[in-house]
Protein chains: 2
Amino acid sequence: MQVLSKASINGLRALLYLAAQERREGYTGIREMADELDISFHFLTKILQELTQKGVLRSYRGPNGGVALARDPGTLYLEELVLMMEGDDFFDTCLLGLPGCGERKPCPVHAFWKETKAALKKEFQTTSLEELGQQIRVGKVRLAD
Amino acid sequence: MQVLSKASINGLRALLYLAAQERREGYTGIREMADELDISFHFLTKILQELTQKGVLRSYRGPNGGVALARDPGTLYLEELVLMMEGDDFFDTCLLGLPGCGERKPCPVHAFWKETKAALKKEFQTTSLEELGQQIRVGKVRLAD
DNA sequence: TTTATTAAAGACAAATGACTCTTAAAACGT
DNA sequence: ACGTTTTAAGAGTCATTTGTCTTTAATAAA
């Protein structure tokens, strides 16, 4: 069951890596993150470029350059990030792929799937990078092996 | 958010179509199902071949041939079908794709995702083709536009 | 026995997602 | 100015999934 694309997963992991940093000023090199998170440098670069264009990251070139969160991680919730990376219809899907599945013309598993999506959405709406970054910092949780 | 592959979705829809039939004897042509469910005939054929090989369907060639459920739809639960089509590790994934994510080495969203997967699994374990077929029969729910 | 009907099988093609590589541009230090 | 470090941009490649087509085999009916 793959819910997020590889690109989204790696983008999220990179954002979490940044949110887990102790120091808040300065830039973190993409090379370092790629090594640390075990992602191809070029692939990660491409993913982070998009996040920079969308305003979640700011970047800086040259020696000691890299990327940094463009906003306070306490204001960055998973929902916004996932919608940004996966598309605005992320939570509006039908499990059986029927177009226009809804209350009026439900598919056989609509009722249940609706609840599941709502729970997932709520969780994503209430979980911030700050919160998860902290859990990483104290070692309760990991981003890579 | 695409949880099931197109192949699984179409396989499931076809199984539901069969489960929703009034008459229980005889075979249903793949052509009819493809038309009714708006799936390419050849694509559906390929999908149903696998389900036949796996013993969920039986098939019959020649005039008035087609496919039929090989087992009582009351004994066919979504879980078995999804595991069959998507692979046995369907419910064992990490949302962030970390290998070996678990209680001992959890990813940042492990706790929540674990619950979500469990709820989904339970629903699939307790929902049979018979049950959904009935809902289709009485028109509460649809398989296509 | 011939013809029509249907699924089985497998080769093939197209589309998508997941990467990879090369070149350019920006910033810095000397 | 020059060379080094770093991100930006985009073309290119590979693998997987999705979808198509052709041929074969089975069955029934005329």
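Quick caveat, the model's predicted, so the values are computed rather than measured. Within every chain, numbering begins at 1; the chains are lettered A, B, ... in the order of the sequence lines, protein sequences first and strands thereafter.
Using a cut-off of 4.0 Å between Lys/Arg side-chain N and Asp/Glu carboxylate O, E36(A) and R31(A) are scored as not salt-bridged. A salt bridge is defined here as a Lys NZ or Arg NE, NH1 or NH2 lying under 4.0 Å from an Asp or Glu carboxylate O, and R137(B) with E130(B) meets this definition. Salt-bridge check for K114(B) with E103(B): passed, with a basic side-chain N closer than 4.0 Å to an acidic carboxylate O.
The stretch residues 30-56 of chain A touches DNA chain C through S40(A), H42(A), F43(A), K46(A), each having a heavy atom under 4.0 angstrom from the strand.
Once you apply a 4.0 Å limit to the heavy atoms of chain A, the touched nucleotides of DNA chain D run 5' to 3' over dT5(D) to dA11(D).
Residues S59(A) and L48(A) are not in side-chain contact: their nearest non-hydrogen atoms beyond the backbone lie 4.5 Å or more apart.
When each of N64(A) and K6(A) is assigned the nucleotide of DNA chain C with its nearest heavy atom, K6(A) is the one assigned upstream, toward the 5' end.
At a threshold of 4.0 angstrom between heavy atoms, the contacts of G62(A) include nucleobase atoms, whether or not backbone atoms are also involved.
Look at OH on Y27(B): it is 12 Å from C1' on dA7(C), rounded to the nearest Å. As a whole-Å value, the separation of R61(A) CZ from dA26(C) C1' is 5 Å. Atom CZ of R58(A) is separated from atom P of dA27(C) by 14 Å (rounded to the nearest Å).
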Practice problem: Show your working on side-chain contact (heavy atoms from CB on, under 4.5 Å) between M33(B) and T28(B) and close with a plain yes or no. | Solution: CA-CA 8 Å; M33(B) 299 172 73; T28(B) 303; 3.7 Å; yes

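Residues K117(B) and D92(B) come closest through the heavy atom pair NZ-C, 4.2 Å.
Using the six-membered ring where Trp is involved, F90(B) and F124(B) have ring planes that are parallel, under 30° apart on the 30 and 60° scheme.
Distances shown here put every side-chain N or O of S59(B) at or beyond 4.0 Å from the OP1 or OP2 atom of dT6(C).
For residues 42-58 of chain A, every residue pair satisfying the side-chain hydrogen bond (donor to acceptor under 3.5 Å, both in side chains) rule, not counting sequence neighbours, is listed here: Y27(A)-R58(A).
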